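Residue numbers start from 1 in every chain, and the chains themselves are labelled A, B, ... in the order their sequence lines are given, proteins ahead of strands. Here the structure is a predicted model, which means the values were calculated and not measured.
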Amino acid sequence: MSKKGSFTKRVLQEVVKIPLGYTVTYKEIAARAGNPKAARAVGNILKHNRWVFFIPCHRVIKSSGDIGGYALGKKLKRELIIFEQKIKNMLK
DNA sequence: TGGTTCGATTTGA
DNA sequence: TCAAATCGAACCA
């Protein structure tokens with residue numbers, strides 16, 4: 001229990017690397033972190049992470065393409081994703 | 001400190 | 001559609 005778990009840090013690191021207007025699935029993050037089966041843990045980490053202000057949790061969604069959830073509100077998450085996709089389209 | 005339960009999930013039958 | 005698996009963190013004694 002005393003272990004901090006490098007997996008947590010790894011997950012956060014990967015989430016931060018997510019480009020603008022790009023969404024990643026929990027499984028993808030888990031896989032990048034080293035544990036493809038830790039998709040649930042990813043959501044749990046994002047929910048209780050202490051770097052929530054530095055991590056775009058709204059870019060992480062379910063593999064089904066649906067919005068999993070969001071600590072600040074699922075509705076806000078959807079809006080943010082659409083907004084970022086819009087920006088991406090504009091830059092494009 | 002140690003053990004148990006839950007969660008923003010995923011996958012298989 | 002339902003249930004099991006699996007990882008991290010919170011909760012309780």
Side-chain angles (χ1 to χ4, degrees):
Chain A
M1 285 306 221
S2 308
K3 265 190 178 175
K4 286 184 180 175
S6 53
F7 181 74
T8 306
K9 195 173 179 182
R10 210 60 75 94
V11 169
L12 299 173
Q13 190 76 220
E14 294 299 331
V15 174
V16 171
K17 290 181 185 175
I18 301 174
L20 181 69
Y22 185 78
T23 52
V24 191
T25 62
Y26 289 99
K27 190 183 177 185
E28 185 66 24
I29 292 294
R32 282 191 178 274
N35 296 7
K37 305 170 211 168
R40 301 174 67 183
V42 173
N44 214 358
I45 292 166
L46 295 177
K47 184 184 172 189
H48 289 288
N49 75 74
R50 299 184 266 188
W51 308 279
V52 73
F53 293 110
F54 303 96
I55 299 185
C57 318
H58 57 271
R59 292 178 189 163
V60 186
I61 59 177
K62 290 175 65 170
S63 64
S64 310
D66 193 20
I67 305 294
Y70 194 43
L72 305 180
K74 298 164 199 158
K75 189 179 171 190
L76 178 63
K77 180 173 183 176
R78 198 161 78 90
E79 295 296 325
L80 285 170
I81 293 173
I82 296 172
F83 185 69
E84 291 194 347
Q85 285 182 351
K86 264 183 160 182
I87 296 175
K88 184 184 174 185
N89 192 28
M90 284 176 71
L91 295 175
K92 190 178 177 185

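- Heavy atoms of Ile45(A) sit under 4.0 angstrom from primed sugar atoms or phosphate atoms, though from no base atom.
- Distance, Asn44(A) CG to dG8(C) C1': 6 Å, rounded to whole Å.
- Atom P of nucleotide dG8(C) and atom CZ of Arg50(A) are separated by 15 Å, given to the nearest angstrom.
- Here the C1' atom of nucleotide dC11(C) and the NE2 atom of His48(A) are 11 Å apart, to the nearest Å.
- Separating the CG atom in Leu20(A) from the CZ atom in Arg59(A) is a distance of 5.5 Å, to the nearest 0.5 Å.
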Close N/O contacts between protein and nucleotides 9-13 of chain B (under 3.5 Å):
residue: dT9(B); atom: N3; partner: Arg40(A); partner atom: NE; Å: 3.2
residue: dT10(B); atom: OP1; partner: Ser63(A); partner atom: N; Å: 2.6
residue: dT10(B); atom: OP1; partner: Ser63(A); partner atom: OG; Å: 3.4
residue: dT10(B); atom: OP2; partner: Ser63(A); partner atom: N; Å: 3.4
residue: dT11(B); atom: OP1; partner: Lys27(A); partner atom: NZ; Å: 2.1

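- Put simply, NZ on Lys9(A) is 15 Å from P on dG8(C), counting in whole angstrom units.
- The side chain to side chain contact (heavy atoms under 4.5 Å, CB included) with Cys57(A) is formed by just one residue from the set Asn49(A), Leu80(A), Leu72(A); it is Asn49(A).
- In the set dC7(C), dA10(C), dA8(B), dA8(B) carries the atom at the smallest distance from any side-chain atom of Leu46(A).
- Residue Ile45(A) holds its CD1 atom at 11.5 Å from OH of Tyr26(A), rounded to the nearest 0.5 Å.
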Exercise. Between Val60(A) and Ile18(A), is a side chain to side chain contact (heavy atoms under 4.5 Å, CB included) present by the stated rule, with each step listed?
Worked result: CA-CA 9 Å; Val60(A) 186; Ile18(A) 301 174; 4.1 Å; yes
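- Computed from coordinates, the Leu12(A) CG to dG8(C) P distance equals 12 Å when rounded to whole Å.
- Closest approach to the Lys77(A) side chain among dG7(B), dC7(C), dA8(B) is made by dA8(B) (side chain taken as heavy atoms from C-beta onward).
- Side chains of Phe54(A) and Val16(A) form no contact here, defined as non-hydrogen atoms less than 4.5 Å apart.
- The two residues Ile29(A) and Val11(A) have their closest heavy-atom pair at CG2-CG1, 3.4 Å.
- Taking 4.0 Å as the cut-off between side-chain N and carboxylate O, Lys88(A) and Glu84(A) do not count as a salt-bridged pair.
- For the strand DNA chain B, secondary-structure stems (runs of at least three Watson-Crick or G-U pairs, all distances below 3.5 Å) span B:1-7 with C:7-13, B:9-13 with C:1-5.
- Residue Phe7(A) comes nearest to Ala33(A) through the heavy atom pair CE1-CB, 3.2 Å, listed as atom of the first residue, atom of the second, then distance.
- Within the nucleic acid shown, Ala71(A) comes within 4.0 Å of at least one base atom, counting heavy atoms only.
- Atom CZ of Arg10(A) is separated from atom P of dA9(C) by 14 Å (rounded to the nearest Å).
- Remark: P of dG8(C) and NZ of Lys47(A) are 17 Å apart, rounded to the nearest angstrom.
- Using modelled atom types, no side-chain atom of Arg32(A) and backbone atom of Glu14(A) make a donor-acceptor pair closer than 3.5 Å.
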